[in-house]
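A quick write-up on the structure given underneath.
For the numbers below, each heavy atom of this structure counts, side chains included, while hydrogens, waters and symmetry mates do not. Proteins get letters first, then strands, A, B, ... in listed order; numbering begins at 1 in each.
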Protein chains: 2
Amino acid sequence: MSTTTSEASGTGRRAGLDRDDIVERALEMVEQGGAAALTMRKLASELAVTTTTIYWHVGDREELVSSIIERVALRQAEFWVEGESARDRVMCVARHVWRSALAHRNVTALAHQVGATSLLELPLEIALARELDAAGVRGVAARDAHRAILMCIAGFLVVAFRSEGLAASGQRNQPHALWADVVDDSIAPVTLAAMRVPPQLDPLFETTLSAVVHSFVPAATDPSHSTEATRSTP
Amino acid sequence: MSTTTSEASGTGRRAGLDRDDIVERALEMVEQGGAAALTMRKLASELAVTTTTIYWHVGDREELVSSIIERVALRQAEFWVEGESARDRVMCVARHVWRSALAHRNVTALAHQVGATSLLELPLEIALARELDAAGVRGVAARDAHRAILMCIAGFLVVAFRSEGLAASGQRNQPHALWADVVDDSIAPVTLAAMRVPPQLDPLFETTLSAVVHSFVPAATDPSHSTEATRSTP
DNA sequence: ACCTGAACACCGTTCAAGT
DNA sequence: ACCTGAACACCGTTCAAGT
């Protein structure tokens with residue numbers, strides 16, 4: 001599993017490199033240095049091989065990225081859904097999507113860049129669909145609720161990553177920094193002042209998402225399953 | 001204004017290049033070919049100069065991008081806010097953010113990549129804050145409503161761009177394509193079927209955003225201003 | 001003031017060749 | 001089967017030099 005190389009490290013013929021080792025090392029590079037830090041050349045040199053070796057084992061950068069994402073997707077898929085009401089359980093899944101994306105921020109950003117977000121979140125999307133089904137939301141209504149919830153989460157993530165990225169580099173172009181220069185008679189001074197301090201995303205996530213959930217998921221239909229927690233993976 | 005070069009085209013000493021001409025040409029490149037099509041070298045060769053000339057006039061790529069964004073931001077800022085109730089007027093601004101971002105999709109994507117989204121949308125953010133103020137939402141409550149609304153819009157945009165980008169290139173990794181392989185007993189067949197056809201974003205935007213607006217903006221306080229449309233720019 | 005040429009330090013990807 | 005070397009076609013950016 002995690003022995004540095006798969007079988008014979010230096011004993012064998014060549015570098016003894018495994019496809020798994022390469023993907024794992026690439027994943028580490030992304031988690032440490034962000035999406036931009038993942039370079040075929042750097043990855044090769046860290047593994048002490050030529051770039052062409054990477055191509056032989058895993059294919060081009062797109063395939064490498066897909067492998068990374070699939071790996072993280074599996075790890076994110078294991079969690080417990082709890083809550084008494086259907087709405088609570090839906091919120092629980094939504095929260096997990098939000099939190100696990102923040103926990104693997106760099107991989108999430110990478111997936112977003114290459115358009116593989118759904119690949120990363122498919123297991124969680126399925127878990128969400130299950131809870132909607134249990135709540136009595138099915139068919140087109142389920143799809144719309146599903147998409148609406150996920151899109152809101154996506155928005156929160158985009159903004160969360162943006163603030164972090166900008167805070168790390170130059171501080172201009174931050175929303176609250178830009179609002180510092182705004183003068184407008186139609187806006188109350190208290191509001192302008194509030195705009196200049198960045199919001200707490202977690203509580204705002206909670207209130208916004210429950211507004212969306214409330215409008216798409218009915219209050220309670222039949223109490224078919226009780227309080228007990230359910231594992232997300234079958 | 002839009003004379004190909006600012007003053008003397010070929011009469012003058014050299015290329016007769018203006019900073020404005022360069023930014024305008026760069027904007028065209030982005031709008032036609034997307035963010036990746038904007039290359040310092042390509043831009044230079046389209047203007048029949050060396051890359052160093054670009055650097056002399058506008059600075060590095062980041063400054064060029066900022067100039068592009070500021071230009072589009074100004075154009076997006078001109079619109080009319082209409083609606084009788086406060087909620088209607090807030091929704092009107094939200095819709096305009098959504099639609100103008102779709103209209104300038106490539107610039108929006110570019111701004112998102114370099115973390116300058118707030119720069120692009122600042123005028124519209126201000127317009128939104130005005131309507132919230134008129135609705136009686138002020139201070140921290142206004143900021144939270146403001147951010148919640150904009151984050152939901154951001155989520156819709158991310159998903160909209162993602163589907164387009166994936167539809168253009170390879171079709172795998174599309175949400176509905178991934179759902180085609182899902183088999184799950186806990187999810188109703190009607191739901192699985194619905195998941196496999198992509199949703200209509202516009203109506204979903206409408207219902208989702210009004211759910212959010214309803215939860216953050218009170219129904220009606222004082223009818224201080226009537227039905228008449230208001231210009232967004234002062 | 002305005003522009004060029006050449007160079008540096010990077011990318012991803014491929015292809016023939018080695019063992 | 002596994003890996004290397006060299007090359008191609010790109011990037012952004014800088015610096016000395018020209019007129």
Exercise. Ignoring backbone atoms, establish whether Thr51(B) has a side-chain N or O less than 4.0 Å from OP1 or OP2 of dG12(D).
Key: no
Quiz item: Which value, in whole Å, describes the distance between the P atoms of nucleotides dA9(C) and dA9(D)?
Solution: 22 Å
Practice problem: Check the distance between dC10(C)'s P and Leu43(A)'s CG and give it to me in whole angstrom. | Solution: 17 Å
Self-check item: Nucleotide forming a Watson-Crick or wobble pair with dC8(C), both distances under 3.5 Å
Solution: dG12(D)
Exercise. Considering just the side-chain nitrogens and oxygens of His57(A), establish if one lies under 4.0 Å of OP1 or OP2 belonging to dA1(D).
Key: no
Quiz item: Is the phosphate of dC11(C), meaning OP1 or OP2, less than 4.0 Å from a side-chain N or O of Lys42(A)?
Solution: yes
Practice problem: May I have the distance from Arg61(A) (atom CZ) to dC11(C) (atom C1'), rounded to whole angstrom? | Solution: 10 Å
Quiz item: How many Å lie between CE on Met40(A) and C1' on dT14(C), as a whole number?
Solution: 12 Å
Exercise. Provide, to the nearest angstrom, the distance between the CD1 atom belonging to Ile54(B) and the P atom belonging to dC3(C).
Key: 10 Å
Quiz prompt | Short side-chain N/O contact to dC3(D) OP1/OP2 from Thr50(A), under 4.0 Å | solution = no
Practice problem: Looking only at side-chain atoms of Trp56(B), point me to the closest of dC2(C), dT14(C), dT13(D). | Solution: dC2(C)
Exercise. Return the orientation label for the Phe156(B) and Phe205(B) ring planes: parallel under 30°, perpendicular over 60°, tilted otherwise.
Key: perpendicular
Quiz item: How long is the line joining CD1 of Ile22(A) and P of dC2(D), in whole Å?
Solution: 11 Å
Self-check item: Nucleotide paired to dC3(C) in any strand shown, Watson-Crick or G-U, under 3.5 Å
Solution: none
Quiz item: To the nearest Å, how far apart are Tyr55(A) OH and dT4(D) C1'?
Solution: 15 Å
Practice problem: Give none if dA17(D) has no partner; otherwise give the nucleotide forming a Watson-Crick or G-U wobble pair with it, both distances under 3.5 Å. | Solution: none
Quiz item: What is the distance, rounded to the nearest whole Å, between atom CG of Leu47(A) and atom C1' of dC3(D)?
Solution: 13 Å
Quiz item: With a 4.0 Å cut-off, would you call Arg162(B) and Glu121(A) a salt bridge?
Solution: no
Quiz prompt | Length of the line joining Asp18(B):CG and dC3(C):C1', which is rounded to integer Å | solution = 15 Å
Exercise. Let me know, please, whether Arg41(A) or Thr53(A) comes out on the 5' side of the other along DNA chain D by nearest nucleotide.
Key: Thr53(A)
Practice problem: May I ask you to say what Thr52(A) touches in the nucleic acid, namely base, sugar-phosphate or nothing, with a heavy-atom cut-off under 4.0 Å? | Solution: base
Quiz item: Parallel, tilted or perpendicular: which fits the ring planes of Phe79(A) and His96(A), with parallel below 30° and perpendicular above 60°?
Solution: parallel
Quiz item: More than 12 non-hydrogen atoms from neighbouring residues, nucleotides or ligands closer than 6.0 Å to CD on Glu164(B), yes or no?
Solution: yes
Quiz item: Is Arg71(A) salt-bridged to Asp20(A), going by a charged N under 4.0 Å from an acidic O?
Solution: yes
